[in-house]
Amino acid sequence: MKNFNLNVGKSFALRGVSLVLAGSLMTCALAGCSKKVDCDIEGSHAHAYVDSDGFVKYLEKEYENYFGFNRTDDFWRISDEQAKLLKFLDKKGLVSLEDNKDLVSSIEDSQEDYIEYRYKWIYNMPIPHTMRVGKIFTTYYTYIPTPRYSWTTDKTDPRLTGDQRRCHYVYQAYKVEKD
């Protein structure tokens, strides 16, 4: 019998390096951050990042883009307390209202109110019934017509109930306070 040397150890080690490299790239891609950018600014600072809608977020990061936010040249120096606040906002996926007040106002002004009309529809609710004949269990269903309600913008829907509501766009804001 011939002795074949398959170099299993070397092949596995090379495959392991490839897997680690591919895993690292996938992790960076899924994490939402791209390659790092060189920064010559000394001391604690935060760069302005802007998303496609124009929202600004200051981050203590050095990436080209970060979860849909692209880095700009704008920055400001921050204290340790401000750094903690920025980290908290980033962790919770929030943006500062102070930095985006004009944008939020313009978006709210551009949104138009609209009317929704309530309509009624019938849902056939299944009621299970189980019968036992010897060792065999059989389940069958009867259906009870049950009224359900929902909302539509179609004022010609024949199932309308006569109720209506005005829909208005608003933004939800949180006040972050030190505990």
Engineer: Which heavy-atom pair separates Asn124 from Pro145 by the least distance, and what is that distance?
Structural biologist: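 In this case the closest contact between Asn124 and Pro145 is OD1-CA, 3.7 Å.
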
Engineer: Would you please test His47 and Ile41 for side-chain contact (heavy atoms from CB on, under 4.5 Å) and show each step?
Structural biologist: CA-CA 10 Å; His47 291 278; Ile41 302 168; 3.8 Å; yes

Engineer: Would you call Glu64 and Lys36 a salt bridge, using N to O less than 4.0 angstrom?
Structural biologist: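 Looking at Glu64 and Lys36, the cut-off is not met.
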
Engineer: Is it the case that more than 12 heavy atoms not belonging to Tyr169 sit under 6.0 Å from its OH atom?
Structural biologist: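 Atom OH in Tyr169 is not crowded, with 12 or fewer foreign heavy atoms closer than 6.0 Å.
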
Engineer: Just wondering, do Leu160 and Thr152 contact through their side chains at under 4.5 Å, heavy atoms?
Structural biologist: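 Answer yes - side chains close enough.
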
Engineer: Within a 6.0 Å radius of atom CG on Asp113, are there more than 12 heavy atoms belonging to other residues, nucleotides or ligands?
Structural biologist: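 Yes, enclosed.
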
Engineer: Is it true that Tyr149 and Met125 fall in one hydrophobic cluster, defined by side-chain heavy atoms closer than 4.5 Å?
Structural biologist: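 Unlinked, Tyr149 and Met125 end up in two clusters.
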
Engineer: Between the side chain of Gln82 and the main-chain N/O of Ser79, is any donor-acceptor distance below 3.5 Å?
Structural biologist: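 The answer is yes, because a donor-acceptor pair under 3.5 Å joins these two groups.
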
Engineer: Keeping Arg118 on the side-chain end and Lys120 on the backbone end, is there a donor-acceptor pair under 3.5 Å?
Structural biologist: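 Not a single qualifying donor-acceptor pair exists.
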
Engineer: Classify the side-chain pair Thr142/His129 by whether it contains a donor and acceptor separated by less than 3.5 Å.
Structural biologist: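 There is such a pair between these side chains.
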
Engineer: Could you go through residues 48-61 and list every donor-acceptor pair under 3.5 Å that involves a side-chain atom there, pairing it with any protein atom two or more places apart or in another chain?
Structural biologist:
{"from": "Tyr49", "atom 1": "OH", "to": "Lys61", "atom 2": "O", "distance (Å)": "3.2"}
{"from": "Tyr49", "atom 1": "OH", "to": "Tyr63", "atom 2": "N", "distance (Å)": "3.1"}
{"from": "Tyr49", "atom 1": "OH", "to": "Tyr63", "atom 2": "O", "distance (Å)": "2.9"}
{"from": "Asp51", "atom 1": "OD1", "to": "Asp53", "atom 2": "N", "distance (Å)": "3.1"}
{"from": "Asp51", "atom 1": "OD1", "to": "Gly54", "atom 2": "N", "distance (Å)": "3.0"}
{"from": "Asp51", "atom 1": "OD1", "to": "Phe55", "atom 2": "N", "distance (Å)": "2.8"}
{"from": "Tyr58", "atom 1": "OH", "to": "Asp74", "atom 2": "OD2", "distance (Å)": "2.8"}
{"from": "Glu60", "atom 1": "OE2", "to": "Ser44", "atom 2": "OG", "distance (Å)": "3.1"}

Engineer: On a heavy-atom basis, which atom in Ile122 and which in Pro147 lie closest, and how many Å separate them?
Structural biologist: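 That would be CD1-CA, 4.0 Å.
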
Engineer: With rounding to the nearest 0.5 Å, note down the distance linking CZ in Arg71 to OH in Tyr66.
Structural biologist: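 Interatomic distance, Arg71 CZ to Tyr66 OH, rounded to 0.5 Å: 14.0 Å.
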
Engineer: Name all residues meeting the side chain to side chain donor-acceptor pair (under 3.5 Å) criterion together with Ser96; count only those two or more places apart in sequence or in a different chain, and write none if there are none.
Structural biologist: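 Residues passing side chain to side chain donor-acceptor pair (under 3.5 Å) with Ser96: none at all.
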
Engineer: State whether a side-chain donor-acceptor pair under 3.5 Å links Tyr119 with Asp154.
Structural biologist: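 Not at all, the side chains of Tyr119 and Asp154 share no donor-acceptor pair under 3.5 Å.
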
Engineer: Please determine whether residues Val95 and Leu103 belong to a single hydrophobic cluster, defined as Ile, Leu, Val, Met, Phe, Trp and Tyr linked transitively by side-chain heavy-atom distances below 4.5 Å.
Structural biologist: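 Per the 4.5 Å side-chain linkage, Val95 and Leu103 are co-clustered.
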
Engineer: Nearest 0.5 angstrom please: Leu94 CG to Leu85 CG, how far?
Structural biologist: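 Atom-to-atom, Leu94:CG and Leu85:CG are 9.5 Å apart.
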
Engineer: Crowded around Asp109 CG? As in, over 12 foreign heavy atoms under 6.0 Å?
Structural biologist: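 Yes, the 6.0 Å shell around CG holds more than 12 heavy atoms from other groups.
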
Engineer: Give a yes or no answer on whether the side chain of Thr146 reaches the backbone of Ile144 with a donor-acceptor pair at less than 3.5 Å.
Structural biologist: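 Confirmed, Thr146 side chain pairs with Ile144 backbone.
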
Engineer: Considering all heavy atoms of both residues, which atom of Leu86 and which atom of Trp76 are nearest to each other, and what is their separation?
Structural biologist: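 For Leu86 and Trp76, the tightest heavy-atom pair comes out as CD1-CH2, 4.3 Å.
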
Engineer: To the nearest 0.5 Å, how far apart are SG in Cys167 and CD in Glu112?
Structural biologist: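 So the gap between those two atoms works out to 13.5 Å.
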
Engineer: Taking atom types as modelled and ignoring hydrogens, do the side chains of Arg77 and His45 form a donor-acceptor contact shorter than 3.5 angstrom?
Structural biologist: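 On atom types as modelled, these side chains do not qualify, holding no pair under 3.5 Å.
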
Engineer: Assess the residue pair Tyr117 and Thr153 against the criterion (side-chain contact (heavy atoms from CB on, under 4.5 Å)); give the C-alpha distance rounded to whole Å, side-chain angles, the decisive distance to 0.1 Å, and a yes or no.
Structural biologist: CA-CA 6 Å; Tyr117 306 94; Thr153 56; 5.7 Å; no

Engineer: Flag the pair Met131 / Phe137 as yes when at least one side-chain heavy-atom distance between them is below 4.5 Å, and no otherwise.
Structural biologist: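 They are not in side-chain contact.
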
Engineer: I want to check something: taking the side chain as every heavy atom from C-beta on, are Thr138 and Thr130 in contact at a cut-off of under 4.5 Å?
Structural biologist: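 No; the side chains remain at least 4.5 Å from each other.
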
